[in-house]
Every structure is written in C-alpha cells, then in structure tokens.
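Here the structure comes first, spelled out in structure tokens, and everything after it is commentary.
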Amino acid sequence: MDAGEGIPRLLDLFDKHGIKVSAYMIGDAIRRRPELAAEVVRRGHEAGAHGRSWQRQYHLARPQEFEWIANSAQAIEEITGTRPVGYTNYRIRPGVNTLEILQELGFRYHIDDMSADEPFLQAINGKPFCTVPYTLHLNDIASFDFAGFNPAAYEQQMVDEFEQLYEEGAHRRRLMVFALHDRLSGHASRVRALDRILSRLRGRDDVWWARKDEIADWTLHHPDSAAWVKREPASSSGLPGTSS
C-alpha cells in the first residue's frame with residue numbers, strides 16, 4: 001500500500017479517538033514524501049528517528065554510525081521543524097555504540113528493548129537515558145500473518161493484553177505499546193478493526209494515552225521512582241550480516 005493512502009487513514013483514526021502517537025521516520029523515505037512527514041507533526045504526533053535508510057547499522061564503525069543517526073535526525077528537523085528525541089533501529093537491533101551516540105546527539109530515549117513492561121532508566125555517558133520498551137508480539141508485522149490473519153483474534157489479543165496490564169497497573173507501573181505500519185494497518189479493513197479496538201479500550205478514563213517522548217520525559221523527570229537497569233556495554237553486537 002502507498003503511504004499516501006495508509007498514513008492519512010491512520011491519522012484520521014487517531015484524530016477520531018483523540019490519540020497522539022509516536023511516528024518513527026526513515027530519513028531517505030521522508031525526503032521522498034516530505035508532505036506526509038510534515039502532516040504527521042502538524043496533527044500533533046511525535047516525529048522519532050528510524051535511521052537514514054532501511055539497512056543494518058549495527059556493524060557500522062562508531063564514526064559512520066554517528067553520521068548515520070545524525071543524518072536521519074537532520075532530515076526530520078528540516079522537514080517537520082522538530083528535532084527527534086526518540087530512536088528505533090533497523091529490526092530493533094542497536095549496535096554496541098548506539099546508546100552512547102544517541103545520548104551525544106541529544107536523544108532522550110530509545111525503544112529497542114523487550115525486557116520489561118514499564119519504562120526504565122540507565123546511565124549512559126554518565127547521564128540518565130530512558131528506554132520505552134517495545135512489545136514485539138503486538139507489532140502488526142507479527143500479528144498480520146497474511147495467509148491466516150484473523151481480525152477477531154487480533155482484536156481479542158489487544159483487549160486481553162490491555163486488560164491484563166490494566167489489572168496489574170493497580171499495583172505497579174505498566175506500559176502497553178502496539179506498533180503499526182501504514183502499509184499493513186493502513187488498509188481499510190484493518191483500520192476498521194483498530195477503530196473497534198480503540199473504541200473499547202478508550203472506555204477506561206484512568207489510562208494515560210501518551211506519546212513515547214512524553215513517557216520518556218516523565219520517567220526522566222521522576223528518577224527516584226523509576227526502575228533503573230545497570231548494564232555493561234557489550235564488546236560486539238553478536239548480530240549476523242554486514243552493514244551494507
């Protein structure tokens with residue numbers, strides 16, 4: 001599906017439900033369709049960075065990776081007028097230098113971690129840096145198996161995830177994230193399924209529907225109540241392939 005169909009359809013859905021989201025943009029892609037990137041921000045959504053192009057970055061040498069990330073941030077700032085503060089890597093795979101580079105470039109958070117159901121902090125370059133964890137099984141790429149996609153099962157999965165985390169939220173901080181791609185979730189029938197899901201979930205009036213930069217900033221501003229993780233830097237990415 002062309003982005004010119006899927007993105008406007010999803011933006012209209014978010015407007016209908018009064019939701020602001022985080023959109024992660026690839027530099028080369030938004031240079032080709034700047035009007036869509038600008039419209040996302042005009043409607044009040046966050047512009048996060050997703051690299052210069054859809055290629056592996058985790059084997060890049062540090063100077064090249066720095067330039068790679070900086071180039072994508074520059075494209076977003078030039079096209080949307082906002083400087084990104086959040087980042088996600090190619091296939092959720094950061095390299096050994098990625099978090100340090102993000103901190104140096106002024107980013108405040110990343111999302112490439114699936115180890116928790118709440119945001120957490122860690123010290124990067126001696127300063128707090130936030131992780132807003134990813135939920136891979138709620139990514140539409142994982143949910144929409146083209147041969148056997150079942151809208152009713154997808155709706156039930158989303159509702160069950162929400163209700164379980166909502167129940168746990170009475171005792172501890174909980175976070176639910178679901179990822180959408182315009183080429184998948186932007187189809188008319190899938191937007192209709194999302195509309196039914198959101199209509200049900202929005203019935204709870206004590207849930208914060210937040211952009212990821214808002215979640216990260218709240219966590220960074222409340223370090224004493226946040227979860228902290230201490231990790232030593234890895235010596236190698238351990239990931240296959242090359243950066244080309």
Side-chain angles (χ1 to χ4, degrees), residues 1-57 68-93 107 110-112 132 134-136 138-151 154-155 157-158 177-199 201-202 209-214:
M1 167 176 284
D2 183 82
E5 293 285 357
I7 289 177
R9 189 174 282 140
L10 286 167
L11 290 176
D12 289 344
L13 175 71
F14 301 143
D15 284 351
K16 176 181 178 179
H17 290 278
I19 294 171
K20 304 303 180 186
V21 305
S22 297
Y24 297 93
M25 303 179 178
I26 293 175
D28 288 351
I30 65 170
R31 288 186 173 102
R32 290 193 295 269
R33 298 296 299 269
E35 74 286 356
L36 289 176
E39 179 66 8
V40 169
V41 171
R42 189 192 70 78
R43 295 214 200 180
H45 305 291
E46 177 195 4
H50 197 13
R52 185 174 62 199
S53 60
W54 185 240
Q55 293 177 311
R56 299 179 181 94
Q57 74 174 70
W68 174 281
I69 297 172
N71 181 277
S72 67
Q74 180 181 5
I76 292 168
E77 188 168 19
E78 290 174 352
I79 291 167
T80 71
T82 63
R83 180 76 178 180
V85 299
Y87 194 83
T88 182
N89 289 276
Y90 169 86
R91 295 194 179 276
I92 327 174
R93 290 170 167 86
F107 286 86
H110 81 126
I111 69 172
D112 297 320
V132 183
Y134 205 93
T135 310
L136 184 59
L138 297 185
N139 185 315
D140 57 7
I141 293 176
S143 299
F144 292 163
D145 180 273
F146 295 105
F149 174 63
N150 183 332
Y154 175 64
E155 292 179 36
Q157 178 191 34
M158 296 280 275
V177 176
F178 52 96
L180 310 173
H181 296 79
D182 61 276
R183 68 185 184 276
L184 295 176
S185 293
H187 288 282
S189 60
R190 291 172 183 175
V191 166
R192 182 54 61 95
L194 284 167
D195 189 17
R196 291 193 295 269
I197 292 166
L198 293 175
S199 294
L201 302 190
R202 292 287 278 169
W209 292 76
R211 305 180 348 171
K212 289 192 180 72
D213 59 339
E214 295 173 325

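Residue numbers run from 1 in the order of the sequence given.
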Is it the case that the side chain of E46 and the backbone of R211 share a donor-acceptor pair, with hydrogens and angles ignored and the cut-off at 3.5 Å?
no

From CG (L136) to CZ (R91), nearest 0.5 Å
10.5 Å

With a cut-off of 6.0 Å (strictly less than), are more than 12 heavy atoms of other residues, nucleotides or ligands near CD of E78?
yes

H50 side-chain N/O to T88 backbone N/O, donor-acceptor pair under 3.5 Å:
yes

Would you say the side-chain atoms of D112 pair up with the backbone N or O of N89, donor to acceptor, closer than 3.5 Å?
yes

So CD1 of I19 and CG of L11: to nearest 0.5 Å the spacing works out to 12.0 Å

Residue R192 excluded, over 12 heavy atoms near CZ under 6.0 Å:
no

Given side chains that start at C-beta, do those of V41 and I79 come closer than 4.5 Å, heavy atoms only?
no

Is any side-chain heavy atom of F14 less than 4.5 Å from a side-chain heavy atom of K20?
no

Counting C-beta onward and ignoring hydrogens, is there a side-chain heavy-atom pair between D182 and R9 closer than 4.5 Å?
no

Distance only, no hydrogens: is a donor on one side chain within 3.5 Å (strictly under) of an acceptor on the other, for D140 and Y154?
no

Nearest 0.5 Å, please: how far is OG in S143 from CZ in R190?
10.0 Å

Rounded distance (nearest 0.5 Å) linking atom CG of L194 with atom CG of L10
7.0 Å

Using side-chain hydrogen bond (donor to acceptor under 3.5 Å, both in side chains) as the criterion, list what pairs up with R43, not counting sequence neighbours.
D12, D15, E39

Would a 4.5 Å heavy-atom cut-off, applied to side chains only, mark D195 and H17 as touching?
yes

Interatomic distance, CD1@I92 vs NE2@H110, rounded to 0.5 Å, equals 11.5 Å

Using the six-membered ring wherever Trp is involved, compare the ring planes of W54 and Y90 and label them parallel, tilted or perpendicular (cut-offs 30° and 60°).
tilted

Out of curiosity, I197 CD1 to R202 CZ, how far, rounded to the nearest 0.5 Å?
14.0 Å

Does the pair I141 and H181 meet the rule for a side-chain contact (heavy atoms from CB on, under 4.5 Å), with working shown?
CA-CA 8 Å; I141 293 176; H181 296 79; 3.6 Å; yes

Do the side chains of S22 and E214 get nearer than 4.5 Å, heavy atoms only?
no

Min side-chain heavy-atom separation K212-Y24 under 4.5 Å:
yes

Is the closest side-chain heavy-atom distance between T80 and V40 below 4.5 Å?
no

Has the side chain of H45 got a donor or acceptor atom that lies under 3.5 Å from a matching backbone atom of V21?
yes

State, with a plain yes or no, whether a side-chain heavy atom of I111 is found less than 4.5 Å away from one of Y87.
no

